[in-house]
Engineer: 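I am attaching a structure below and will ask some questions about it afterwards.
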Protein chains: 2
Amino acid sequence: MQQIRPRATMRDVAALAGVSLKTVSRVVNDEAGVGDAVRARVRAAVVQLDYRHHQAASDLRRGTGRTRAVGVLVQDVANDFSSRLLRSLEDAAREHGLAVLAGSLDEDPDRERALVADMVARRVDGLVIMAATSMQDYLQPEQRAGLPIVFVDREPAGIAADSVTVDNRGGARAAVDHLLERGHRRIAFLGDLPSIVTANERHLGYLESLQAAGVPADPSLAVLGLHDEDQAQRALESLFASRTPPTAVFTARNVITVGALRALRARGASWRTALVGFDDLPLFELLDPSVTAVRQDVAALGRATAQILVDRLAGDASPPRRVVLHPELVFRASSNAPV
Amino acid sequence: MQQIRPRATMRDVAALAGVSLKTVSRVVNDEAGVGDAVRARVRAAVVQLDYRHHQAASDLRRGTGRTRAVGVLVQDVANDFSSRLLRSLEDAAREHGLAVLAGSLDEDPDRERALVADMVARRVDGLVIMAATSMQDYLQPEQRAGLPIVFVDREPAGIAADSVTVDNRGGARAAVDHLLERGHRRIAFLGDLPSIVTANERHLGYLESLQAAGVPADPSLAVLGLHDEDQAQRALESLFASRTPPTAVFTARNVITVGALRALRARGASWRTALVGFDDLPLFELLDPSVTAVRQDVAALGRATAQILVDRLAGDASPPRRVVLHPELVFRASSNAPV
DNA sequence: GCGTCGGGAGACAACGTTGTCGTGGAAGAG
DNA sequence: CTCTTCCACGACAACGTTGTCTCCCGACGC
């Protein structure tokens, strides 16, 4: 590497241009009150020294407490759902000149608290959280300090804050209703830990749907606590190994659906077993059979979340908003399997 | 919302605890030289006032010029490849206590320059860039100022900097060689703009492979400038509509492959047309036919990138490193179609 | 010629924090 | 009992920037 040259400060620029520091500040910030000749001299010095504005120092001095950055904490930036949400939020943020500090929580409450603490220390202007904790009362001091917090995908507990979520229970009910209408009675449920609100809601939707149809829920058909594809795949395999295997499966999250698809494929049971998944994936349409899924409008989720955040940043102090989007059941072939 | 209470500063904490500001600083930073009683009093005041450390002010005063944040600019955080890379980088960064500022470039050079300028103003400690510009000489001043920059996925031009890339040309050659070995002679190429280095390299690999096999390249079979699924789908459809349609297709990027799959599916030609894609997707294995693809080890790409960045941050001033990973051709069913 | 006005430019302090040095008092040595 | 030593703690300045106030000088009116 070449010789490193420390960053020039306004003081350096001022010295080179033969003006005062304040005059440089005026030029850099395009303020009035600087003659054309001096302005040009300063501009030249800025270029010559590769001066770059120091935003943190500027923010500090201005004392507005604004950093023009927002924190976005999702479950996993590599997951299809989270990453599309992140992108949607990023677009809205950039439109308002906000940078995005991103973080993955991996359903780890400690990680959530640690990342939030970091974002707070960085004085982000706002926070979007897909919570991994079951209780977010620890955020009250931050909220009191004026930090806008918007909960996305999962409603907050222990704190009154804005949220943008999806009707998980309703989506799950629609999925299971659909399978019941096709005549299925032994419907398996594969989901994540009930401590995750969305997972629990989807499980409740499953149970409600069965109950409404007068079908007794067989606890041995519901497997909870599935985090990844492998676990889901193995879970479905062992369900099939039982004496009374399911004729249909409702998978409550994208990675679980994929794991289940692998299990069905390995068993050659794809066309014999009805499947509905929560979360749509771009390729579900192209599989054989194509996969029936509960689709969330991720872009809309992100837009609504960003809108609230931006409003709050603009000073909106109205009571917490609670936006609930409704998912849509996309009918495809996988739910057509015979009973 | 409730009454907002401005953030407490060390001065407030000091006043409440009846000590000097500097003593608060010592307690907050776990420095020695504070008696137990005073320490406890300060701690209590910190809790009572919900004091939160102000990292920017701290960084500024310490004058190390470090912010413990890195910028990661990828093509699109919602894309499977980019998001997995981002996640891999995030994990490595967090391990070293670094926060991640993320941004999507969408192959837009202006956006790249704007986001870089923003990151520089924020004084990120390092920068990872999947470049959208064809020339990165504009980054020389930043590099000279000591900013470590690592180019990922695409090698830099006009600047001597670290890079971690994939042998795109070799991967493409392997893909096309494979199709040639199966006897195909009319092999279509669907790719993005040649101004994108990786896209161009893959195109060159395609051409080299044909040439090595003595198969004349038919320009009408190569379609460049495809950005998304729809464009790819339409491109392949019009190739099929020609008098001499291809018997095999090489698609040079994940979204293009998906578009091509849609076209094949719509035409019912999935089993009649050989297909190899660059970039593997999790569900390719489950499609019928399963999709042969050139797989990049994204996690390894991220790890290597992060390693270099971390080394640089630790003071490594050795000449720029150039790491090239080799992709792997994953044989599946889609390349078995007859000639 | 004198007073006034206005615009360009600089001096100074401050944002929230920490490095450096200084001070006062208790403990220990002789 | 005095001198030294050490430790706990505080005063002050500074990081890079900007808001406020002041100053100077040329232009203008009478």
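Just so it is clear, the model here is predicted, and its values are computed rather than measured. Lettering follows sequence order; numbering is per chain, from 1.
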Engineer: Can you tell which of A:Arg62, A:Arg61, A:Gln55 makes a side-chain hydrogen bond (donor to acceptor under 3.5 Å, both in side chains) with A:Ser58?
Structural biologist: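 When side-chain hydrogen bond (donor to acceptor under 3.5 Å, both in side chains) is applied between A:Ser58 and each of A:Arg62, A:Arg61, A:Gln55, only A:Arg62 qualifies.
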Engineer: Establish, from distance only, whether the side-chain atoms of B:Asp316 and B:Ser318 form a donor-acceptor pair under 3.5 Å.
Structural biologist: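 The criterion, which ignores hydrogens and geometry beyond distance, is satisfied for B:Ser318 and B:Asp316.
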Engineer: Report yes if a side-chain nitrogen or oxygen of A:Arg62 is closer than 4.0 Å to either non-bridging phosphate oxygen (OP1 or OP2) of D:dG19; otherwise report no.
Structural biologist: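 Yes.
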Engineer: Is the distance from OP1 or OP2 of D:dG16 to the nearest side-chain N or O of A:Thr9 less than 4.0 Å?
Structural biologist: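 For A:Thr9, the contact criterion (side-chain N or O under 4.0 Å from OP1 or OP2 of D:dG16) is not met.
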Engineer: Round to the nearest Å and state the distance from B:Arg66 atom CZ to D:dC15 atom C1'.
Structural biologist: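 Taking atom C1' of D:dC15 as the reference, CZ of B:Arg66 is at 17 Å.
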Engineer: For the side chain of B:Ser20, counting heavy atoms from C-beta on, which of D:dG10, D:dG16, D:dT18 is nearest?
Structural biologist: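 Shortest atom-to-atom distance from the side chain points to D:dG10.
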Engineer: Would you say B:Thr23 reaches D:dC9's phosphate, i.e. side-chain N/O to OP1/OP2 under 4.0 Å?
Structural biologist: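 It does not, given that no N or O in the side chain of B:Thr23 lies less than 4.0 Å from OP1 or OP2 of D:dC9.
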Engineer: Could you tell me whether A:Val28 contacts a base, only the sugar-phosphate backbone, or nothing, with contacts defined as non-hydrogen atoms closer than 4.0 Å?
Structural biologist: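 Counting heavy atoms under 4.0 Å across all strands, no contact is made by A:Val28.
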Engineer: What is the separation between atom CG on A:Leu21 and atom C1' on D:dA14, rounded to the nearest whole Å?
Structural biologist: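 Interatomic distance, CG of A:Leu21 to C1' of D:dA14: 13 Å.
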Engineer: Using a heavy-atom cut-off of under 4.0 Å over every strand shown, decide if B:Glu31 touches base, sugar-phosphate, or nothing.
Structural biologist: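 Here B:Glu31 touches the backbone only, sparing every base.
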Engineer: Can a side chain N or O of A:His54 be found less than 4.0 Å away from OP1 or OP2 on C:dC15?
Structural biologist: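 No.
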Engineer: Can you check the B:Arg11 CZ to D:dC12 P distance for me, whole Å?
Structural biologist: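 Going from B:Arg11 (CZ) to D:dC12 (P), I get 13 Å.
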Engineer: Rounded to the Å, how far apart are B:Asp12 CG and C:dC15 P?
Structural biologist: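 Interatomic distance, CG of B:Asp12 to P of C:dC15: 11 Å.
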Engineer: Can you tell which of C:dT17, D:dT18, C:dT18 lies closest to the side chain of A:His53?
Structural biologist: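 Comparing C:dT17, D:dT18, C:dT18 against the side chain of A:His53, the answer is D:dT18.
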Engineer: Less than 4.5 Å apart, any side-chain heavy atom of B:Arg52 and any of A:Glu142?
Structural biologist: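 B:Arg52 reaches A:Glu142 side chain to side chain.
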Engineer: On DNA chain D, check which nucleotide each of B:Arg123 and B:Arg26 is closest to and give me the residue with the more 5' one.
Structural biologist: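 The residue whose closest nucleotide sits nearer the 5' end is B:Arg26.
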Engineer: Could you tell me how far apart B:Arg122 (CZ) and D:dG16 (C1') are, to the nearest whole angstrom?
Structural biologist: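 Those two atoms, CZ and C1', are 16 Å apart.
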Engineer: Once hydrogens and angles are ignored, does a donor-acceptor distance under 3.5 Å link the base of C:dT18 to the side chain of B:Arg61?
Structural biologist: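 In this structure, the two groups form a donor-acceptor pair.
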Engineer: With sugar-phosphate meaning primed atoms plus P, OP1 and OP2, does A:Ser58 contact a base, only sugar-phosphate, or nothing at under 4.0 Å between heavy atoms?
Structural biologist: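 Contact class for A:Ser58: sugar-phosphate only.
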Engineer: If you look at every strand shown and take non-hydrogen atoms under 4.0 Å, does B:Asp59 touch a base, only sugar-phosphate, or nothing?
Structural biologist: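 Here B:Asp59 touches no strand at all.
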Engineer: Is it true that B:Asp30 and B:Arg43 make a salt bridge, defined as a side-chain N closer than 4.0 Å to a carboxylate O?
Structural biologist: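 A salt bridge is present here (some side-chain N lies under 4.0 Å from a carboxylate O).
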Engineer: Starting at the 5' end of DNA chain D and moving along, which residue's nearest nucleotide shows up first, B:Asp36 or B:Gly63?
Structural biologist: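 Looking at DNA chain D, the more 5' nearest nucleotide goes with B:Asp36.
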Engineer: Is it the case that atom CG in B:Asp36 sees more than 12 heavy atoms from other parts of the structure closer than 6.0 Å?
Structural biologist: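 12 or below, so no.
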Engineer: Find which nucleotide of DNA chain C each of B:Ala56 and B:Lys22 is nearest to by heavy atoms, and output the residue with the more 5' nucleotide.
Structural biologist: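 The answer here is B:Ala56.
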Engineer: When the distance from CE of A:Met10 to P of C:dC15 is rounded to whole Å, what number comes out?
Structural biologist: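 Rounded to whole Å, this separation is 19 Å.
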Engineer: Quickly work out the A:Arg52 CZ to D:dT17 P distance and round it to whole Å.
Structural biologist: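 In whole Å, D:dT17 P and A:Arg52 CZ are 13 Å from each other.
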Engineer: To the nearest angstrom, how far is B:Leu49 atom CG from C:dG16 atom C1'?
Structural biologist: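 Rounding to the nearest Å, CG of B:Leu49 and C1' of C:dG16 are 15 Å apart.
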Engineer: To the nearest 0.5 Å, how far apart are CG in B:Leu127 and CG in B:Leu139?
Structural biologist: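 Result: 7.0 Å between the selected atoms.
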